[in-house]
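Numbered from 1 within each chain, the chains take letters A, B, ... in sequence-line order. Below, each value reflects all heavy atoms present in this structure, side chains not excepted, and no hydrogens, waters or symmetry copies. Values in this document were obtained by computation on a predicted structure and should not be read as measured data.
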2 protein chains.
Amino acid sequence: MPTAAPVLGLRERNRLRRTRRVERAALTLALELGVDNVTVDMICEASDISPRTYFNYFGTKEGALIGPEPSVPDEAFVDEFVQARGPLVEDLMLLIARGFFATEPDRDVFTMRRELYAKEPSLQAVQVARMAGKRQATAELVRRRLASQHPDMPETEARDEAQLVMSVAFGAFPVISRLWIERSGEEAEVETYIHAAIARIRRIVSP
Amino acid sequence: MPTAAPVLGLRERNRLRRTRRVERAALTLALELGVDNVTVDMICEASDISPRTYFNYFGTKEGALIGPEPSVPDEAFVDEFVQARGPLVEDLMLLIARGFFATEPDRDVFTMRRELYAKEPSLQAVQVARMAGKRQATAELVRRRLASQHPDMPETEARDEAQLVMSVAFGAFPVISRLWIERSGEEAEVETYIHAAIARIRRIVSP
DNA sequence: TCACATTCTTGCAGTCTCTGCACTTTTGCG
DNA sequence: CGCAAAAGTGCAGAGACTGCAAGAATGTGA
């Protein structure tokens, strides 16, 4: 089983270089003019790429701005999650986080992105919507874990519970990622923030 | 201060009739062909309205499918929320719910909408995205309440806490609304589901 | 009842996002 | 070098959405 080859072919290197170039152009323009006043054509002109290729790379106009779609965690991780017996929400958030921060962008892009998110909250909505697409799949994962953990739990209750677990995790995620990104200078792990967030939630919903 | 006049002028009645007619046409088509295979032009042809007017009414293609945007709660409610001292998340969810279910659509539309939501999860993403637009405003509300409730709480902590409260509420909301809509035959109040959901969340995040 | 102001609907022209398809270029490899 | 696979590109077009200005419907006051 070949893990990601450490040395990349010319093809991959070109792709990476291009991706970065386009992302930079897109972010620069968006920061300068505002997302709504930037068109795909402008980004393409600035980064010397054809619009058709832009969409092959990023899929949507916002693609270059919000970063790559969280990768689907591979089966090993998923199975681990389903079988694990730790605190459920925590485990789930870790699973999500793992996919989310899998591809580390370069420093500039990272910084600009953070700046842009702060400046244009509408992008957060795009993010949330994209993640919402994975709600079904995620809820199903949680349901599987609940089923294997509590074989006696009624079907419908398990489904409702799974939905809620997923909702809480997805709901809190933007906050966690914001904190993590904002304080990324201090070298704390995501786990720390997840932990803290859950403790807070517990306090919040306590009577 | 005129509250909504009980008797509507011809103008309003026309608008209502039209809205309903268009919503029905849109939902019928979407249920039959799938959202992606329906165009605004088709909806307009089916409901005998001009595309331009369609957008004046609904703003987006999905507008007629997902229903009207939750109305901004009026100042009285907002103030009440800010000053209240009950369980925070619960109060917030009630505030959201109040805006959300303010405009009762007619029976057919309601039923079709429920059906469509079940059939096309992508619509849920649209919903979530639309609600995400109000994140800022909502978090600010919570922050105000926290500030008045705990004057000694540090600024930044209040902001983080507010964000998290808002996230939990927004996160759980789709679940609550789903439950409420699915079981809307049984005449239970939204409060009941909110209550139950919060109790569940408490259990979920408990160690 | 009739003008007049207001509000609403509509057509039109145009911009922008996004897609399928066919064609060319680039890359990997023997 | 030569060939096959992969990737980039141009083009034509569908579809969502907007601003504008003309035309229709509606409310109002005399």
Nearest to the side chain of [X] - [options]?
| X | options | result |
| --- | --- | --- |
| A/Phe55 | C/dT9, C/dT17, D/dC17 | C/dT17 |
| A/Val40 | C/dT9, D/dC17, C/dT17 | C/dT17 |
| B/Arg15 | C/dT9, C/dT10, D/dT9 | C/dT9 |

Reckon B/Asn14 touches a base, only the sugar-phosphate, or nothing at all at heavy-atom distances under 4.0 Å?
-> sugar-phosphate
So A/Glu157 and B/Arg200, salt bridge (Lys or Arg N to Asp or Glu O under 4.0 Å) or not? Walk me through it.
-> CA-CA 11 Å; A/Glu157 196 183 325; B/Arg200 262 220 167 106; 3.6 Å; yes
[X] [atom1] to [N] [atom2], straight-line distance once rounded to whole Å:
| X | N | atom1 | atom2 | result |
| --- | --- | --- | --- | --- |
| A/Phe58 | C/dC16 | CZ | C1' | 19 Å |
| A/Lys61 | C/dT19 | NZ | P | 15 Å |
| A/Leu29 | C/dC16 | CG | P | 14 Å |
| B/Leu65 | D/dA16 | CG | P | 11 Å |
| A/Arg21 | D/dG8 | CZ | P | 11 Å |
| A/Glu45 | D/dG10 | CD | P | 12 Å |
| A/Glu12 | D/dA7 | CD | P | 8 Å |
| A/Asp41 | D/dT9 | CG | P | 14 Å |

Less than 3.5 Å between a donor and an acceptor, one on the side chain of A/Arg52 and one on the base of C/dG20, is that the case here?
-> yes
Less than 4.0 angstrom between a side-chain N/O of [X] and OP1 or OP2 of [N], yes or no?
| X | N | result |
| --- | --- | --- |
| A/Tyr57 | D/dG8 | yes |
| A/Thr39 | C/dC16 | no |
| A/Ser50 | D/dG8 | no |

Is the NZ or CZ atom of B/Arg145 positioned over B/Phe81's six-membered ring, under 6.0 angstrom from the centre and within 45° of the axis?
-> yes
Comparing B/Tyr54 with A/Glu62, nearest DNA chain C nucleotide closer to 5' gives the residue B/Tyr54
Residue whose nearest DNA chain D nucleotide is more 5′ - B/Thr60 or A/Asp48 | A/Asp48
Member of A/Gln163, A/Met166, A/Glu161 meeting the side chain to side chain contact (heavy atoms under 4.5 Å, CB included) criterion with B/Val175 = A/Gln163
Rounded to the nearest 0.5 angstrom, the NE2-CD distance for A/His195 and A/Glu191 is 9.5 Å
Looking only at heavy atoms, what is the nearest atom pair of B/Val35 and B/Lys61, with distance?
-> O-NZ, 3.2 Å
